[in-house]
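Data block below; observations after.
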Number of protein chains: 2
Amino acid sequence: MPQTLRIDLDRSSPVPLYHQVATAIDAAIEDGRMQPGEFLENEVALAARLGISRPTARQALQDLVERGRLVRQRGVGTHVAPARVRRPVELTSLHDDLSKTGRKPSTEVLERRAVPASAEVAEALEVPEGSEVVMIRRLRMADGEPLAVLTNYLPPDIAPSAEDLASNGLYDLLRARGAKPKVARQRIGARSATAAEARVLEEKPRAALLTMERTAYDDNGHGIEFGQHIYRASRYMFDTMLFAS
Amino acid sequence: MPQTLRIDLDRSSPVPLYHQVATAIDAAIEDGRMQPGEFLENEVALAARLGISRPTARQALQDLVERGRLVRQRGVGTHVAPARVRRPVELTSLHDDLSKTGRKPSTEVLERRAVPASAEVAEALEVPEGSEVVMIRRLRMADGEPLAVLTNYLPPDIAPSAEDLASNGLYDLLRARGAKPKVARQRIGARSATAAEARVLEEKPRAALLTMERTAYDDNGHGIEFGQHIYRASRYMFDTMLFAS
DNA sequence: GTCAATCCTTTGTCCTGACATTTGAACATC
DNA sequence: GATGTTCAAATGTCAGGACAAAGGATTGAC
């Protein structure tokens, strides 16, 4: 009892056909029209019904498999993956994260100024040590409660203004400036809060904090952002999905 | 000045051609025969030279792009990705992690017994609440120093013995029993150590600890392992790569 | 009834061929 | 010399076909 999904294709659109198909199926999974475990038509039938070639249909399905939405088994068919394995690892900023989970993010820019690059910053951003970079320190709040202190270092030519940062996520602003983060290396650790940190975050002195250090790169591998952040462990966890190779 | 790589193909092998090609190129990148930024031949030439079709060559290159080894640009060509964006996110156990970075892992099994499943464990492993599961608690050490206390819950039929656990990684043992972890959801947080935890880990009381909670699934989405772990923040960090969608 | 062999369905791999789109450089023009 | 145009090179998209391999169900033999 395979589900035949209605999919409208626009052959004059610049969006590739396989992507239109993938998006349509993904949407059906997302809004519940297709349930976990439910089988799709086989790919030959799908291609015939939509008037596309089998490779095109395959490419659409393959994309969804790689994103963890579908599971395929040779000789069996293609079915929707269980809901709990569907969430992807993604490179997002905390601002986007909070919006998606329904909490109201707000930001207070504590500091924004030019500083000489430390060795660590210089290496991440590929600039000479001691050259000028912009340091931004923000207090991130969720529903009015302090959540994290975010410290970012950026090359001067793409660093957003303090005003922009008050209402927009950093990554959105970077993208608007043409710097598109594609990959990031992230290191998560923990330590006790200093007195000053505890005060800003409204925690007790020496409370456990989560620390995160991240370098973001564009797709040519050039560093575009380096950040050292601290989070209130009592209010925040990092939630990721891992895949076996 | 594109690099022409010598690649031997075995058409009688059960290993797909595109995979043979991808593996060969990957090996060349890994051992330095191809340097970051260096261009490959264009895909048409590559296909012709190897005597394979262009789609097959493309599939090999596409695989490497998805793994972050290569970067492609339409109208330009295909080149090797910068070294620092190459490391993948992978689902590994701490045992494998330590071996790879050259530290000597050792394990002490503190406890191994059957316990009734708590609500949390029951949900992760898809068993009735209160049914019997095996709880394993291990002290993980690196170079003789305590590093983490790992607490795992497993279905009784795949739970390894205490003896096996003393010298092997948990994931290796699970794989040998036919339970292949494919995806895992992982939550990383922090908190202060209790007195007992501090004692075991040789930390000061109330020292900051990293906590990690992980549920691993096979490719049908069935839970095969649930773990709650604590790490010495002074000796360990989680290091991951993230990719933008 | 049990077990093995066979067949069908479905995805996996591989081929050939064609046109579209993007990029960068060479070229011509003003 | 600056600027716009054209062109070649490279990857992206799409079509249609063929055979292989795996899994499940059916069938047959004992």
Side-chain angles (χ1 to χ4, degrees), chain A residues 1-4 7 9-25 37-66 69-81 178 180 218-220, chain B residues 1-4 7 9-25 37-66 69-81 178 180 218-220:
Chain A
M1 28 116 210
Q3 166 112 359
T4 65
I7 298 176
L9 297 180
D10 176 5
R11 296 194 87 99
S12 68
S13 157
V15 178
L17 285 175
Y18 72 88
H19 197 260
Q20 293 185 38
V21 175
T23 305
I25 296 175
E38 194 173 0
F39 274 81
L40 276 77
E41 319 159 72
N42 71 64
E43 60 186 39
V44 182
L46 178 70
R49 191 166 63 83
L50 298 181
I52 59 178
S53 71
R54 193 182 154 209
T56 303
R58 269 187 75 76
Q59 194 169 357
L61 297 176
Q62 201 54 46
D63 266 26
L64 292 168
V65 169
E66 266 149 32
R69 300 297 206 273
L70 298 177
V71 177
R72 322 189 75 188
Q73 267 179 286
R74 186 191 285 202
V76 179
T78 306
H79 65 268
V80 180
K180 296 192 181 114
D218 64 17
D219 51 19
N220 290 321
Chain B
M1 27 111 215
Q3 166 111 359
T4 66
I7 298 178
L9 296 180
D10 176 5
R11 297 194 87 99
S12 68
S13 157
V15 177
L17 285 175
Y18 72 88
H19 197 261
Q20 294 184 37
V21 175
T23 305
I25 296 176
E38 194 173 0
F39 274 81
L40 276 75
E41 321 159 71
N42 72 65
E43 59 187 40
V44 183
L46 179 69
R49 192 166 63 83
L50 298 181
I52 59 179
S53 71
R54 192 181 153 208
T56 303
R58 268 185 76 75
Q59 195 169 354
L61 297 177
Q62 200 54 47
D63 266 27
L64 292 168
V65 169
E66 266 148 32
R69 301 296 206 273
L70 298 178
V71 177
R72 321 189 74 188
Q73 269 178 283
R74 185 191 286 204
V76 179
T78 306
H79 64 267
V80 180
K180 296 192 182 110
D218 64 18
D219 51 19
N220 291 321

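Naming convention: chains lettered A, B, ... in sequence-line order (proteins, then strands); numbering from 1 in each chain. Owing to the predicted nature of the structure, the values given are computational and were not obtained by experimental measurement.
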Under 4.0 Å from any atom of DNA chain C, heavy atoms only: list the residues of residues 12-24 of chain B that qualify, in numerical order. B:P16, B:L17, B:Y18
Starting at CD of B:E66 and ending at P of D:dG12, how long is that distance when rounded to a whole Å? 11 Å
Rounded to whole Å, please give me the gap between CG in A:D63 and P in D:dC14. 11 Å
Close side-chain approach of [X] to [Y], heavy-atom, < 4.5 Å:
X: A:V21; Y: A:T56; answer: no
X: A:I7; Y: A:I25; answer: yes
X: B:V65; Y: B:V71; answer: no
X: B:V76; Y: B:F39; answer: yes

Qualifying residues under side chain to side chain contact (heavy atoms under 4.5 Å, CB included), relative to [X], sequence neighbours excluded:
X: B:S13; value: B:D10, B:V15, B:Q20
X: A:E43; value: A:R54, A:R58, A:L61, A:R72
X: A:A45; value: A:E41, A:N42
X: A:T23; value: A:H19

With a 4.0 angstrom cut-off to heavy atoms of chain A, pull out the first and last contacting nucleotide of DNA chain C, in 5'-to-3' order. C:dT9 to C:dT13
Which heavy atom of A:A57 sits nearest to which heavy atom of A:A47, and what is that distance? CB-CB, 4.0 Å
Could you report the tightest heavy-atom contact between A:L70 and A:V80, atom names first, then the distance? CD2-CA, 3.9 Å
Check each residue of residues 48-61 of chain B for a non-hydrogen atom within less than 4.0 Å of any atom in DNA chain D, then write out the ones that pass by number, or none. B:R54, B:R58
Would you give a per-nucleotide map of nucleotides 3-10 of chain D, 5' to 3', where B means the base has a protein non-hydrogen atom under 4.0 Å away, S means only the sugar-phosphate does, and - means neither? ------BB
